[in-house]
K.L.:
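Got a structure for you, questions after.
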Amino acid sequence: MPFAIHETVEVGKIDFMAEVATNDKFSGLYISTYGAEQQQQLQQEHQKRDGELLLRIQGSRGAGYDNLDAYIEYADSLAKCGRVCESLDLYAQCFRAGPLPSNFLWHVTSAFLELIRLQVADDNPVIRPEQQHHQRHGHLQSSSPLGCGVCDLVFRDPVTLLCGHTFCQGCVTKPTVVCTECGERTPYQPHVNVLIKSFVEKLWPSQWRASELLAEGKALYRQDKFHSALLKLNQAYYTGGENYALLNIRSRVLLKLGLNINAQSDADRVVQMKPKWSKGHFTRGMTLLSLGKYHEALLEFSLSAVLGENLQKLKSQINEALQRLLIVYSKDTEVLDLDNWNPIAHDYLQSCLNTIINGTYAFENTTDTLLNESNVVLHESTFFKKSLCEINTITELIRHILVEIMHVKHYTPSVQNNTAVAAAVLKVDKLLLEESDFNCVLCCGIFRNPVTTLCGHTYCMDCLEHNFDYSFHCPLCLTSLPPCLALSKKHTVKFVDELLLSMYGSAQNCSLSPSLNWSPEMEYDSSYLPVFVCTNAFPSVSCPLHVFEPQYRLMIRRCIESGTRKFAMISQQRFPMRFAEYGTVLEIKDRILMGNGCSLLSTVGTQRFRVLVRKEHDGYDMAKVQYIRDQHFSADKLPDLNKLHNEVLQRGMTWFNGFRPEIKSEILRTVGFPPAAEENWEQLDDGPAWTWWLLSLLPLGQTAHTDLLANTSILVRLKVINKILSRIEQSSLSRRITSWSP
Amino acid sequence: MSVLPRRILKETQRLLQEPVPGISAEPDEGNARYFHVKVTGPEDSPFEGGLFKLELFLPEDYPMSAPKVRFITKIYHPNIDRLGRICLDILKDKWSPALQIRTVLLSIQALLSAPNPDDPLANDVAELWKVNEFEAIRNAKEWTRMYASEN
C-alpha cells in the first residue's frame, strides 16, 4: 500500500530536527559519559516517555503514517537507551513511507557505534596506549626486524628515536614521538637516518623505489589527480610487488575512478593480508558500499571501528550503510504489528551475545573447524559463507556483525600459515654490502654499539661520547645537539645491530675485528694508571675536584665505567717531565655530572707511588707505577718515636684549634675532620693519617709536598711537621690567621 | 710510544694508496703521527709552479683535536705568517673529528688558490694584498720562484 508523506509531517520533521540538534549531546555517547546511576535515571525517563509515545502511536493507529514524527521520536528514544535493534526495526517501518534522509539516523548510528564499543570494551578491558597504537596500525609480532615496526614495509625516510628503534618518518607520531615498540618518548622530530636510508636503497632497491612511487601516488590521490595516481601506483606494483599499503591506496583510487569491482578486489586482498588493519576494512567497506553490498559494508565499517579507526570518519559511512539497509529491509518486511510487537528483541540479542562471551567454546569450535578446512582464508568465518542477503531481519544482521567482531578480535596472526598472506620478510644479501658500509667515520672501524644522533648520523657509542667531551656538535653536520640529550644514556640502533649480526654472525665476531680506536685491553692494562696532572693529594685525605678538560672528562668516565674508580694524582712539573715522579692514588667516592658535561668529584687518597714508565693515551697521561710504603722501625726505637708522635700530634692540634672559626670551618669543609691517631699507626703503610691531613694544611710548596710523599720514614715526616709548626708559631703568619696572640 | 689508533693507520694507508692530486703526505719513519707533506701550488694562482713543504702532526687526542700543520717552505700569503703558521678555521674552532688529514690538506690547497686578506695572519702581506693586489701577487710569485722552486 502506497504512502504519501503529508506536508504536516514535513513540518513535524523539521521540528524534530531542531530537537535532535539541541539534544545532540545525547547522541549515543551518553552511556559512556554518564555514571551508572545517571544512566539508569536517564533510561527510566526514556522508558516513561516511550510509554507515552507508544500510546500516542497506538492511539492514532489507522491514521496511516501521519504521525511519522512520533515513530521517529520513539525510534530515537530507543536508540538513546541503547536498544539499537528495536530502533532499527522501527525505522524500517518508517522507511515504508519512503526513504528518509540519512541524517535522521544519526542517533541510531551513534547508538550502534556505542554498542560495538561496549562489546569490545567488555571483551578486552585493558588496552594500554602503546598496544592501542599497535592495534591501530594492525601491528604484527611476526614482522621483519628490518622493516618499519608500524607499517611492516621497507623504511621510507627512516628516523631513529632515542630508544634506538627506527620507523618511517610518516609512521611516527607528532610532535613528540612515542615509540610503538617500547613506549619511550623522543621530544624532538628526528631527522632521516642517512645510514639506514643508504642501506635500504642498497639492499632492497625495488621495494625502496616502489615506496617512493607509492608516496608519489598518494600525493596525487590527495590532489584528486586519480588517473596519474593510478599510473604511479601501477608502476609501484610492477616495481616492488604487491603490498597492503599500495593495494589500499589503489583501491581508493579505483573507487574514485568508478572502477568499483577492481577496487573491491584490491580491498579484499588488503584485508586478507592485514586482517587487523582498520584502514583496510574501511576501504573495503567503501568499495562494498559502492557495489550495493550494504550488509557487508556495514560489517566492514564496524570492524574498522573496532580496530581503532576514527569514529567521526566512520559515522557518516555507517549512517549511509544503515540508511541503504533500511531501504532494502523496508521493502521486504511486513507492516509492523504494534499490538503484537515484542519489544524484548533487545534482551534476546543480549542473551545471544552472552552465550558467545561466556561460552566461548562455541566460538572456538568454529575457529577450529575453520583451521582444519583447506583453502579457507583464515580471516573468513561462518559469517562469510552465509550470504548476508539471506539474513532477513536487521536484528539478525547486527547479531552476526557482533559475532564477527569477536572473531576478528580473537584472531591472532600467529596461526597465520597461509604463505600468500604472510608479509614478505626482508632478506639481507651480504654481497650487496661491504665492510666500509659499516665504518664509523670517527674511528674508521666497524660500528661498535652504533648510535644515531637526532640529526640522523651514526657513530660508535664510545666515539660519540668521546666527541661530546670536546663539543656538543655532530661531527658530520655540525648541528648543535642539546647537551641534556648528548649526556643521557644512548641506545644502539637496532636496525644496524641487526645488519651487523647478519653480516658478521655474532656480536663477538664484530668486536674481534681490530676496529677499535681504543681497545679495552690497552685501556685497562692494570699496570698502567690514568694520570690526573693537577696537584698533590695525600693518603686518607679527601680531595674535591672539578673536572672540565675534555681529556680528563674522558679519563674519569672510563675510570667509572670500568669500575676501577681509581686514578693517579700527580702535581705538575715544568722540567724535565710534565709531571712529578711521586703521587697518590685517588679513589672516586662520588661524582656529580653537570649539564655541560663537566663533573664534580669527591675523592680520597689511598696509596703513594713512584712513576716508573710514562705514556700518553687519547690526550691524557698514563703511568706504570710502583707503590711505596713506610719502613718499619725496630722495637727498641719505638718508645722514642711514640713520644715524638704524641708531641707533634698535640702541637698540631693546638695549632689547628687556634684558628678563627671561619677558617676552621672552611678547612673542615675541604679536607674533612682531623683523623684520630690509629692505635697501630707505626705498622701502617702510610703511617698515621693525621700527619697527611696536617701536611695538606701546612704552608709547603709543591716540591716539598712531593718530597714528603716520596719519603718512607715516619720519623722524618714527624720531624718536618714539628719544625714547620715551630716556625709558624714564631712567624707573623700565625698571628694573622689565629685568634691568640703570643 | 702508544699503540697507533686504527683511524690513523687507515688514513695513512689511504693517503699512500690513493693520493690526492697535487698533494703528497708521508709519515715520518720514526713517528707515525708526524707527516712530511708536499703541496704543489695550484694552477692560476701566484703559487703555480711551486712545491711547498709542510709538516703535519697528529696530537694524542686526534681526531678529537685538529692536526697541527705548518708551512716549512717560505710563502707570501696573507693567511700564513713568517713561521709558516696557517690561519684556517677548520684547524681551530671549526675543527670536527669527521674531518681527516686529506680534507685538511685539500683545504690548505684551496687556501692557496683563494687568499683571504680580510682574515689575515701576516699583517703586512694582507695590507699590501688589499692596497695593491698586483704588487702582492708579484711578490708571491717572486717568493714562489725563490723558495718553492722544484729545482
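Note on naming: letters A, B, ... go to the chains in the order of the sequence lines (proteins, then strands), and numbering restarts at 1 for each one. Worth saying up front: this structure is predicted, and the values here are computed from it rather than measured. Reckoned from all heavy atoms, side chains included, excluding hydrogens, waters and symmetry mates.
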K.L.:
Hey, are the side chains of B:Lys10 and A:Asn439 touching, using non-hydrogen atoms and a 4.5 Å cut-off?
P.N.:
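A side-chain contact exists here, since the closest heavy-atom pair is under 4.5 Å.
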K.L.:
Decide if atom CD of B:Glu43 counts as having more than 12 heavy atoms of other residues, nucleotides or ligands within a radius under 6.0 Å.
P.N.:
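No, the 6.0 Å shell around CD holds no more than 12 heavy atoms from other groups.
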K.L.:
Keeping B:Arg6 on the side-chain end and A:Cys443 on the backbone end, is there a donor-acceptor pair under 3.5 Å?
P.N.:
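Not a single qualifying donor-acceptor pair exists.
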K.L.:
Under 3.5 Å, side chain of B:Arg7 to main-chain N/O of A:Gly445, donor-acceptor pair present?
P.N.:
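The answer is no, because no donor-acceptor pair under 3.5 Å joins these two groups.
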K.L.:
Under a 4.5 Å heavy-atom cut-off, does chain B meet the side chain of A:Leu478, its backbone, both or neither?
P.N.:
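A:Leu478 touches chain B through side-chain heavy atoms alone.
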K.L.:
Can you check whether A:Tyr470 reaches B:Ser65 side chain to side chain, under 4.5 Å on heavy atoms?
P.N.:
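Touching, per the 4.5 Å side-chain cut-off.
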K.L.:
Taking all non-hydrogen atoms of both residues into account, name the closest pair between B:Ala98 and A:Pro475 and its distance.
P.N.:
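Smallest heavy-atom distance, with atoms named: CB-O, 3.3 Å.
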K.L.:
Specify the closest pair of heavy atoms between A:Gly619 and B:Glu60, including all atoms of both residues, with the distance to one decimal.
P.N.:
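Shortest heavy-atom separation between A:Gly619 and B:Glu60 comes out as N-CB, 3.6 Å.
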K.L.:
Does B:Lys94, at its NZ atom, have more than 12 non-hydrogen atoms belonging to other residues, nucleotides or ligands within less than 6.0 Å?
P.N.:
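No, not enclosed.
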K.L.:
Relative to chain A, which segment of B:Pro59 carries a heavy atom at a distance below 4.5 Å: side chain, backbone, both, or neither?
P.N.:
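For B:Pro59, no heavy atom lies under 4.5 Å from chain A.
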K.L.:
Less than 4.5 Å apart, side chain to side chain, heavy atoms only: is that true for B:Met64 and A:Asp469?
P.N.:
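Of all side-chain heavy-atom pairs linking A:Asp469 with B:Met64, none is under 4.5 Å.
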K.L.:
Surrounding CZ of B:Arg85 (heavy atoms of other residues, nucleotides or ligands, distance under 6.0 Å), is the total greater than 12?
P.N.:
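Counting neighbours around CZ of B:Arg85, 12 or fewer heavy atoms of other residues, nucleotides or ligands fall under 6.0 Å, so no.
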K.L.:
Would you check if there is a donor-acceptor pair between the side chains of A:Tyr620 and B:Asp61 at a distance under 3.5 Å?
P.N.:
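Per modelled atom types, B:Asp61 and A:Tyr620 side chains form no pair under 3.5 Å.
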